[in-house]
Amino acid sequence: MAKPIVAIVGRPNVGKSTLFNIFANSRISIVEDTPGVTRDRLYATAEWLDHEFMMVDTGGIEIMNADAIAVSIRQQAQIAIKEADVILFVCDARAGITTEDADVARLLRQSKKPIVLAVNKADSPKQEMNIFEFYNLGIGDPIAVSASNHLGLGDLLDAVVAKFPSDKMAGDLEEEDEIKVALIGRPNVGKSSIFNALVGEERSIVSDIAGTTRDAIDTPVVRNGQKYLFIDTAGMRRKAKVDEPIEKYSVMRSLRAVDRSDVVLMVFDAVEGVTEQDKRIVGYAHEAGKAVILVVNKWDLYEKDNSSTLRYTETLRKELVFLQYAPVVFVSAVTKQRIHRLPEVISYVAEQNAMRIATSILNQVIEDAVAINPPPTEKGKRLKILYVTQVKIKPPTFVIFVNEPEIMHFSYQRYLENKLREAFGFEGTPIQMIIRGKNEDE
C-alpha cells in the first residue's frame, strides 16, 4: 500500500521544519531562525491513529523573489504540492497574515488539493485569539498550534488524516495474489535493462545517460501462473548531486514505489561496488519491511576467477550488515545471464515475507533457544520469556512477552531472530520483534 503524502508548505521562518521534526520523531531538518535554511525537500514516515504517511518538508516559498535559490525552492515546493495527497499550510500567529501568506494561499487554492491550515507560534491566549484573522485566507478553519511547546498537535494531525483519500487507506486489495516488485538503485546501474528483460519488451528507455527514467512505470506480467507487477523507478542520487527539481520529484516517486511493493530488487553495478548511496536506498526498503533481493548487474564486465561470487557476496554482507538475510543474484542485463532466475527468487522471498507461524510451534522454538542459551541476568534480575505470538506478516512481526522488558538486550534479541531464521527460513525478509511486559496489552 502506498502511504499518503503530506507536504508541509508556507513562507520562510514559520516553523515548518520544527513541525516536521516533531512528527517524524527525530531531528531531520536543520532548524534555525534564519529564513531559507531548508533548501531541499526532506522525507520521513510518520504515524497517527494507525495511519502511516510520508511527510515532505519544503523550503520557504517566496512568490515574488526572483533570486535563483528562491526560484529553485519554489519549484521544488510546487513539485511537492503536485505529488501530495494533503497539504499542511503553516502560518505564524505572531506575525498575522502577511502578503507572502496570501500569495502562498492563492498558489495552494489553484492546486485543488485538500489543505489543512496550521497557525504556529500560538503560545499564549492572546495569540490564540489572533488566529481568527486567518479565516481571511480562504483556506478553511485555522488550527492554533505551538510547535515549540507541542500544543495543538493532536488536533492538527486529526485534521490531516481526516483528509486522506479513501483509496489510500483501502490499499491495493484488487490483486491479492499479485506480487508487486520495485526495482531501485542509483542511476545507470541497469535497472531499466533488467526491467525490460523481465517484462520481455522495451518498456523503459534504456540509455547510457544516467537518470533517463524519470517516473515509476508499472507493467503487469504473468509467469507460470503467477502474477507480477514490475515497477521500474528513476535512479536515486545523493542529495548533493540532485539539482533539477524534476529529479527530486523522481526520488519521491521511487520511495513511493518501495512503499507500494512486496519485493524490492536492489540493483548494484558489479564494477562500482557498494556506495554510501546504495546503503541509504536499500536501507529505506529494509526499514519499510520489504522483502529484498540484492541484484549485482554487469557481472559480464567484472574480472572473475573461481571464487569471485563467494568473495563478492562476503563483501556485500560486510557492507550491508543489516541485510544478512537478503539473497544475492549475479546477472547481466546485456547477456541475459541469470535473469531467468529472478522470477523464481522473487516468488520465494515474497512467500517468506508473508509466512505465518503457528503459535504453538513458535513457542517451542523459542523455548528450545532459551534452553540452549538462557537469557542474561542484569542487576540481579534474570530475563524470562513468557510467551511469543506472531501478530503480522509483510514483514513477519512477533510480540515477545517478558517479565522485564528493559533488560532484554539487543544481542539476545538478535540471537532469538537467528534461531527463528534457522527454524523457519525467512530468507529475503526482515523480521520485526516487539518486546512487551507481561501486563501490557497485546
Side-chain angles (χ1 to χ4, degrees), residues 1 47 50 52 171-173 175-181 225-228 258-259 261-265 282 285-294 317 320-328 343-376 382-405 407-442:
M1 182 195 306
E47 190 173 347
D50 296 326
E52 232 186 6
D172 301 312
L173 301 177
E175 288 286 0
E176 290 187 354
D177 60 339
E178 181 180 69
I179 300 173
K180 299 176 185 65
V181 186
Q226 174 63 58
K227 295 178 185 176
Y228 302 91
V258 169
D259 288 334
S261 69
D262 303 307
V263 178
V264 169
L265 300 187
V282 77
H286 166 76
E287 289 170 5
K290 306 299 180 180
V292 177
I293 300 168
L294 307 179
R317 299 296 183 211
L320 304 168
V321 291
F322 55 92
L323 282 174
Q324 300 298 311
Y325 57 80
V328 183
E344 177 189 338
V345 182
I346 288 166
S347 296
Y348 177 66
V349 299
E351 184 181 283
Q352 298 284 296
N353 188 238
M355 188 189 302
R356 192 177 291 279
I357 308 299
T359 301
S360 57
I361 298 172
L362 185 61
N363 279 275
Q364 186 60 58
V365 169
I366 295 297
E367 283 175 24
D368 292 345
V370 169
I372 294 167
N373 180 14
R382 180 172 292 281
L383 178 72
K384 292 180 182 176
I385 295 176
L386 308 171
Y387 182 72
V388 184
T389 185
Q390 184 174 358
V391 293
K392 207 178 106 183
I393 59 171
K394 295 185 179 183
T397 303
F398 303 93
V399 174
I400 303 178
F401 291 94
V402 300
N403 60 331
E404 302 283 351
I407 63 174
M408 167 65 90
H409 196 272
F410 172 78
S411 59
Y412 198 75
Q413 193 170 317
R414 177 57 57 86
Y415 164 73
L416 295 178
E417 178 182 328
N418 290 338
K419 286 299 180 183
L420 289 177
R421 291 189 184 280
E422 283 178 22
F424 306 113
F426 292 122
E427 188 175 359
T429 180
I431 290 176
Q432 294 182 354
M433 289 185 172
I434 301 165
I435 311 302
R436 287 193 178 163
K438 57 186 176 183
N439 295 324
E440 294 182 48
D441 293 334
E442 184 176 324

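Numbers here are sequence positions counted from 1. Everything numeric in this text was worked out from a predicted model, so none of it was measured.
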Report task. Let me see the working for F322 and V282 under side-chain contact (heavy atoms from CB on, under 4.5 Å), right down to the final yes or no. Result -> CA-CA 10 Å; F322 55 92; V282 77; 3.9 Å; yes
**Report entry** Spatial distance of atom CD1 (I357) from atom CG (L362) [nearest 0.5 Å]
**Finding:** 7.0 Å
Query raised in the report: Passes side-chain contact (heavy atoms from CB on, under 4.5 Å), L416 versus V388? Steps please.
Result: CA-CA 11 Å; L416 295 178; V388 184; over 6 Å; no
Query raised in the report: Considering the options I431, I366, I435, which one meets the side chain to side chain contact (heavy atoms under 4.5 Å, CB included) requirement together with F398?
Result: I431
Query - Minimum-distance pair of heavy atoms, taken over all atoms of M355 and F424 - result: CE-O, 3.4 Å
**Report entry** Nearest atoms (heavy-atom pairs only) where T359 meets T389
**Finding:** OG1-OG1, 3.8 Å
Report summary line: Heavy-atom nearest pair, K419 first then A369, reads CG-CB, 3.7 Å
Requested in this report: Side-chain contact test, heavy atoms from C-beta onward, threshold under 4.5 Å: evaluate it for P376 versus I407 and give yes or no.
Outcome: no
Report summary line: The residue among V264, V181, V349 that forms side chain to side chain contact (heavy atoms under 4.5 Å, CB included) with I293 is V349
Query - Approximate separation, where rounding is to 0.5 Å, of R421 CZ and N418 CG - result: 7.5 Å
Report task. May I ask you to decide if D177's main-chain N or O and Q226's side chain share a donor-acceptor pair within less than 3.5 Å? Result -> yes
Requested in this report: Could you give me the CA-CA distance, side-chain angles and deciding distance for R317 and L294, then say whether side-chain contact (heavy atoms from CB on, under 4.5 Å) is met?
Outcome: CA-CA 10 Å; R317 299 296 183 211; L294 307 179; 4.3 Å; yes
Query raised in the report: Is there a donor-acceptor pair under 3.5 Å between the side chain of Y412 and the backbone N or O of N373?
Result: yes
**Report entry** I400 vs Q413 side-chain heavy atoms within contact, under 4.5 Å
**Finding:** no
Report task. Could you walk me through whether N363 and E367 pass the side chain to side chain donor-acceptor pair (under 3.5 Å) test, one step at a time? Result -> CA-CA 6 Å; N363 279 275; E367 283 175 24; over 6 Å; no
**Report entry** Exercise: do Y415 and H409 side chains pair donor with acceptor under 3.5 Å
**Finding:** no
Query raised in the report: Between atom CD of E52 and atom CG of D259, what is the distance when rounded to the nearest 0.5 Å?
Result: 8.0 Å
Report summary line: When rounded to the nearest 0.5 Å, the distance separating CD of E351 from CG of N353 is 11.0 Å
Report summary line: dist E47:CD -> D50:CG (nearest 0.5 Å) comes out at 6.5 Å
Query raised in the report: What distance do E417 atom CD and Q432 atom CD have between them, rounded to the nearest 0.5 Å?
Result: 10.0 Å
Report task. Kindly give the heavy-atom pair with the smallest separation between P327 and G428, and that separation in Å. Result -> CD-CA, 3.6 Å
Query raised in the report: When you measure from the side chain of Q390 to the backbone N and O of A358, does any donor-acceptor pair fall under 3.5 Å?
Result: no
Report task. Return the minimal non-hydrogen interatomic distance between T429 and P396, and the atom names on each side. Result -> OG1-CD, 3.4 Å
Query raised in the report: Looking at side-chain heavy atoms only, is the closest gap between V263 and S261 below 4.5 Å?
Result: no
Query raised in the report: Taking all non-hydrogen atoms of both residues, which atom of A285 and which atom of V292 are closest, and how far apart?
Result: CB-CG2, 4.3 Å
Query raised in the report: Would you say the side-chain atoms of N403 pair up with the backbone N or O of R382, donor to acceptor, closer than 3.5 Å?
Result: yes
